[in-house]
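Just the heavy atoms: all of them, side chains too, but no hydrogens, waters or symmetry mates, feed the values below. Each ligand, and each atom within it, is numbered from 1 in the order the structure gives.
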Amino acid sequence: MKNILVTGGAGFIGSAFVRMMVEKYPDYNIIVLDKLTYAGNLDNLIPVHDEPNYRFEKGDIAHEATVQRVLETHDIDTIVNFAAESHVDRSILDPHAFVHTDVVGVYILLETARKLGINRFHHVSTDEVYGSLEEGFFNEGDPLEPNNPYSASKAGGELMIRAYHVTYGMHTTITRGSNTFGPYQYPEKLLPLFITEALQDRPLPLYGDGKQVRDWLYVEDHAAGIDLILHKGQPGDIYNIGGENERHNIDVIKYMLNYLGKPHSLIKHVEDRQAHDRRYALTNDKLRADLGWSPDTEFETAMQETIQWYVDNDWWWSKIKTGEYLEFYKQQYADRLANAK
Ligand code: NAD
Ligand code: TYD
């Protein structure tokens with residue numbers, strides 16, 4: 001392994017992975033291919049910008065000629081695919097881009113790789129492909145029962161990965177990570193949205209009763225798990241990466257408000273998300289048994305570091321919260337907040 005293409009490397013988790021890989025493996029060349037959608041941000045890559053083993057290419061994973069050019073130019077031998085439309089609420093407002101990138105884009109990457117004889121392909125997926133469960137934990141053999149256009153598109157992409165392994169013998173691996181948090185996360189997801197809004201003393205639109213459960217995974221643990229599976233994962237295998245930190249949304253938000261010294265009265269219960277999955281929970285048993293690994297960051301420590309990062313880096317998020325972002329915010333939240341309880 002020498003020349004690794006990281007698609008979606010200007011996003012939240014992809015950029016954490018790139019920052020880690022560039023430093024950890026000076027002998028590897030890390031090439032980012034990213035369309036720079038609203039969620040892609042070159043500020044996330046400033047720490048590696050001048051490193052000799054890092055390159056950036058702007059482009060769409062669903063555009064075959066671009067993908068082929070980048071794969072050939074950089075003599076790529078390994079692909080790690082983070083590129084995706086990733087926000088459930090946006091997928092409910094308009095699913096089109098989700099099918100384009102999370103299904104068609106995955107296919108174009110796979111097919112172009114196959115034509116060029118590139119055999120190593122790691123795909124970053126999500127626990128959301130399993131759907132929701134009240135009790136117990138999802139394992140890798142469970143059926144895929146996605147409930148919204150985002151998770152359905154991710155499930156579609158995964159099945160194409162599986163087909164390229166079974167049909168063409170490609171050395172694929174898939175990770176299904178749980179809800180990830182940390183620095184550089186676009187402020188539309190729960191934590192960065194609520195932290196940055198709370199810092200401005202603005203209302204926090206909590207969907208429904210706030211008793212939904214997510215399993216929180218620190219971004220550095222997520223990136224480290226992918227690195228391990230990239231090197232040691234078995235061809236065709238799928239691995240859960242859970243944070244082992246199940247929390248109710250409302251408890252996570254109260255913890256954050258307490259850390260910032262802001263009042264709980266900022267929380268506004270608003271109209272629920274359509275098809276809102278009640279609980280995600282998954283087991284790391286396979287990761288532990290096969291590769292002897294599980295995430296090791298302590299939740300409260302990681303939360304404090306994360307919150308403090310947004311406190312210290314308003315230069316990063318304040319310029320995002322303009323233009324298109326405000327349009328989305330208005331569409332998603334204006335009526336909800338006007339009718340909040
Ligand atoms: P993100 O939205 O922050 O970043 C996505 C990146 O992909 C952006 O840089 C964007 O510009 C790029 N991109 C989008 N469409 C593209 C296209 N057609 N061609 C090239 N680049 C394109 O997302 P994230 O939170 O960093 O998630 C990364 C991956 O991890 C996604 O595949 C997501 O499904 C998965 N995942 C996310 C979480 C989470 O909690 N955020 C959890 C599990 C899995
Ligand atoms: P989100 O960060 O969108 O991740 P996902 O939908 O992939 O789990 O949401 C996390 C949880 O927070 C989810 O239960 C929905 C809830 N949520 C709110 O209550 N209000 C919000 O404004 C957002 C964005 C999310």
Taking only heavy atoms of [X] into account, list the atoms of ligand 2 that are under 4.0 Å away from them.
| X | result |
| --- | --- |
| Leu206 | 19 (O) |
| His87 | 3 (O) |
| Glu128 | 5 (P), 7 (O), 8 (O) |
| Asn179 | 4 (O), 5 (P), 7 (O), 8 (O), 10 (C) |
| His276 | 13 (C), 14 (O), 15 (C) |
| Tyr333 | 21 (C), 22 (O), 23 (C), 24 (C) |

Salt-bridge criterion met for Asp237 and Lys232 (N-O under 4.0 Å) = no
query = Is the closest heavy atom of Glu188 to ligand 2 under 4.0 Å?
reply = yes
query = When only distance counts, is Gly11 in polar contact with ligand 1, meaning an N/O pair under 3.5 Å?
reply = yes
ask   = N/O of Thr101 under 3.5 Å from N/O of ligand 1, yes or no?
value = yes
For [X], take its heavy atoms, then give the atoms of ligand 1 lying under 4.0 Å from any of them.
| X | value |
| --- | --- |
| Ala84 | 5 (C), 7 (O), 14 (C), 31 (C), 32 (O) |
| Leu36 | 11 (O) |
| Asn179 | 40 (O) |
| Lys154 | 31 (C), 32 (O), 33 (C), 34 (O) |

task = Give a yes/no verdict on whether any heavy atom in Ala97 is under 4.0 Å from an atom of ligand 1.
result = no
If you have a sec, work out which protein heavy atom is nearest [atom] and how many Å separate them, to one decimal?
| atom | value |
| --- | --- |
| atom 23 (O) of ligand 1 | Ser86 OG, 3.3 Å |
| atom 40 (O) of ligand 1 | Thr180 N, 2.9 Å |
| atom 19 (O) of ligand 2 | Tyr207 N, 2.8 Å |
| atom 11 (O) of ligand 1 | Asp34 OD1, 2.6 Å |
| atom 11 (C) of ligand 2 | Asn249 ND2, 3.4 Å |

Shortest heavy-atom approach to [atom] - which of [options]:
| atom | options | value |
| --- | --- | --- |
| atom 17 (C) of ligand 1 | Thr66, Ile13, Asp60 | Asp60 |
| atom 21 (N) of ligand 1 | Glu85, Glu128, Lys35, His87 | Lys35 |
| atom 28 (C) of ligand 1 | Tyr280, Tyr184, Phe82, Phe12 | Phe82 |

task = Indicate, as side chain, backbone, both or neither, the part of Ser15 found under 4.0 angstrom from ligand 1 when only non-hydrogen atoms are considered.
result = neither
ask   = Where does Thr7 meet ligand 1, judged by heavy-atom distances below 4.0 Å: at the side chain, the backbone, both, or neither?
value = neither
Output yes when the distance from some N or O of ligand 2 to some N or O of [X] is under 3.5 Å, and no in every other case.
| X | value |
| --- | --- |
| Asp89 | no |
| Tyr280 | no |
| Arg273 | yes |

task = Determine, using the 4.5 Å side-chain heavy-atom cutoff (strictly less than), whether Leu33 and Leu42 are members of one ILVMFWY cluster.
result = no
key: Residue from His123, Arg120, His165 passing side chain to side chain donor-acceptor pair (under 3.5 Å) with Thr173   = Arg120
ask   = Using the benzene-type ring in the case of Trp, are the ring centres of Phe82 and His222 under 6.0 Å apart?
value = no
ask   = Between the side chains of Tyr184 and Arg19, is a donor N or O closer than 3.5 angstrom to an acceptor N or O?
value = no
note = Contact region, Leu191 to ligand 2, non-hydrogen atoms below 4.0 Å, reads neither
